[in-house]
There are 2 protein chains.
Amino acid sequence: MNENARIPRNAKAKRTEIRRENERVILEAAEKVFAEAGFGGATMQLIADMAGLPKANLHYYFATKEDLYRQVVRNIFEIWLHAADTFDTAADPAEGIGAYIDAKLEISRRHPFGSKVWASEVMHGAPVIQDYLETTLRDWTEGRMAAIQRWVDEGKMAPVNPRHLLYMIWATTQHYADFGHQIETLNAGKPLSERQWREVKDSVKAIILRGIGATG
Amino acid sequence: MNENARIPRNAKAKRTEIRRENERVILEAAEKVFAEAGFGGATMQLIADMAGLPKANLHYYFATKEDLYRQVVRNIFEIWLHAADTFDTAADPAEGIGAYIDAKLEISRRHPFGSKVWASEVMHGAPVIQDYLETTLRDWTEGRMAAIQRWVDEGKMAPVNPRHLLYMIWATTQHYADFGHQIETLNAGKPLSERQWREVKDSVKAIILRGIGATG
DNA sequence: CTGTAACCTGACCATACGGTCAGAAAATGA
DNA sequence: TCATTTTCTGACCGTATGGTCAGGTTACAG
């Protein structure tokens, strides 16, 4: 999504190109290192090595370790939020919630590092995204809870507590990223195959959709 | 349990008393600090302050930060394992799995720090308890999966994938500890009340038990 | 009381870390 | 070409951290 013509239109485009590419590389490396070592365990040197850049260069683009971390967490949060666009357009809980579970599991599969960074951030008391939790996430959650409640009122699903249903979906889907190492260990040390991921999606949806009486 | 027999028999009681009490205090402080700051973010000084002891005293009981951390993680693992004793004795899934969910939610409530340390350890690749995962946890898991499969075969519940059912239970119950801060934020910044915890248990059990066709 | 083992701790050390900076190099524009 | 802006980086610095240790204190057996 960031590909454009190799020929810069003007000077400005070229400059931002270098900057954007380097920031991308750094953020990608940082996401991985923060996920694997935690904020405290991560070092700028490690991130620099993984990005293939001198440490001082990182500080050229990101003033402090906190700044870099903050940016990583923000990026993840954005991905998270967009996962539930399917939620609203769906008319039926089986479809809406089913698609949401699929989307979230797909994120766990594609962005396991991001998921871990997010989990770590929240576990440590959300020092850098507390305001997001209190505003964006809270609003988002209330919106979805209302949507679920509407389905309940319309008799399209059993009268479950919408909040705890959401938590269960979050917990279960993110578990496959956050506890991926444990899951891999219990899978003979091998990552889940394409086929096994499909089995995950089917199992999770089967239990939850039946559990809320939305067998569609 | 690794000490030689040079300890005077009569003096033993008193001396081990001091040792045991101090180790307890240190481990308790360590669990909290490791949970809140992660292994890398935790400092021996912080743990010492929280325990009300000089830092050097910590090193008298635990040679290194890693040793202390290892002990904390091991303790948590023990608690975890004993949570499912109810599992085996139960005759039907509604009772067995229901009790297991209750037990695990109760652990999340009583030992949120331990849960976070465990989650953090696994998220970072289980550097110190990998052997436990490969032996004890794997055996344990296979035993429970077999028990669930037996229920399925006996027609006492729907034919769900036992592994993913277990993962869902783990994920959901531990979520209330690991993401407790987020849950609290979404609860107007207040911890869950006694009443709300009951609501959690009821909701989780309702969805999962209906989801696996074990309405007992 | 005395001797000894266990317990305690202030002061210290080596290292690793986040961050800085001066100045080189490269890109761009005129 | 030259001037200007942006990018890059080796060398360096102050601090915090894990860990050590010598020597003190306490508990208690004899």
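Labels below follow one simple rule: chain letters A, B, ... track the order of the sequence lines, proteins then strands, and each chain is numbered from 1. Side-chain atoms are counted along with the backbone in the values below, which use heavy atoms only and exclude waters and symmetry mates.
- The CG atom of B:Leu68 sits 16 Å away from the P atom of D:dT17 (whole-angstrom rounding).
- One atom, CZ of A:Phe62, and another, P of C:dT20, lie 15 Å apart when rounded to the nearest Å.
- Note: CE (A:Met44) to P (D:dC13) measures 21 Å, nearest angstrom.
- In this entry the distance linking CD of A:Glu17 with P of C:dA26 reads 19 Å, nearest Å.
- Contact annotation: side chain of B:Lys55 to base of D:dG19, donor-acceptor pair present below 3.5 Å.
- Relative to the side chain of B:Pro54, the nucleotides C:dT9, D:dC8, D:dG19 differ in distance, and C:dT9 lies closest.
- A donor-acceptor pair shorter than 3.5 Å can be found between the side chains of A:Gln45 and A:Asp49.
- Side-chain proximity of A:Asn57 to the nucleotides C:dC17, C:dG19, D:dT9 is greatest for D:dT9.
- Under the 30°/60° scheme for interplanar angles, the aromatic rings of A:His164 and B:Tyr176 are found to be tilted.
- Note on B:Ala42: only backbone sugar-phosphate atoms sit closer than 4.0 angstrom, heavy atoms only; bases stay farther off.
- Atom pair B:Ile18:CD1 and C:dA5:C1' shows a separation of 12 Å (rounding to whole Å applied).
- OP1 or OP2 of C:dC7 has at least one side-chain nitrogen or oxygen of B:Arg19 nearer than 4.0 Å.
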Open item on the list: Both atom distances under 3.5 Å, Watson-Crick or G-U wobble: I'd like the secondary structure of DNA chain C as a dot-bracket string, with | for pairs made across strands.
Closed with: ||||||||||||||||||||||||||||||
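- Taking CG from A:Leu137 and CD1 from A:Ile129, the interatomic distance works out to 8.5 Å, rounded to the nearest 0.5 Å.
- Between A:Phe77 and A:Tyr132, the ring-plane angle classifies as perpendicular under the 30° and 60° cut-offs.
- Counting to the nearest Å, the C1' atom of D:dC8 and the CD atom of A:Glu23 are 15 Å from each other.
- Closest to the A:His59 side chain, of the nucleotides C:dG19, C:dA27, C:dC17, is C:dG19.
- Close to C:dC8, at under 4.0 Å from its OP1 or OP2, lies a side-chain N or O of B:Asn22.
- For the pair A:Leu58 CG and C:dC17 C1', the interatomic distance rounds to 14 Å; values are reported in whole Å.
- Atom NZ of A:Lys65 and atom P of C:dT20 are 14 Å apart (whole Å).
- Centroid-to-centroid, the aromatic rings of A:Trp170 and A:Tyr167 come within less than 6.0 Å.
- In this structure, CZ in A:Phe62 is found 8.5 Å from CE in A:Met44, a value given to the nearest 0.5 Å.
- OP1 or OP2 of C:dC7 lies within a sub-4.0 Å distance of a side-chain N or O belonging to B:Tyr60.
- Checking C:dC7, D:dT17, D:dC8 against every side-chain atom of B:Tyr61, the shortest atom distance belongs to C:dC7.
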- [ ] Would you please test B:Gln130 and A:His181 for side chain to side chain donor-acceptor pair (under 3.5 Å) and show each step?
- [x] CA-CA 10 Å; B:Gln130 181 62 26; A:His181 177 81; 2.5 Å; yes
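- Of the residues near DNA chain C, A:Gln45 and A:Ala56, the one whose nearest nucleotide (by heavy atom distance) lies more toward the 5' end is A:Gln45.
- A salt bridge does not link B:Glu23 to B:Arg20: none of the charged side-chain nitrogens sits closer than 4.0 Å to a carboxylate oxygen.
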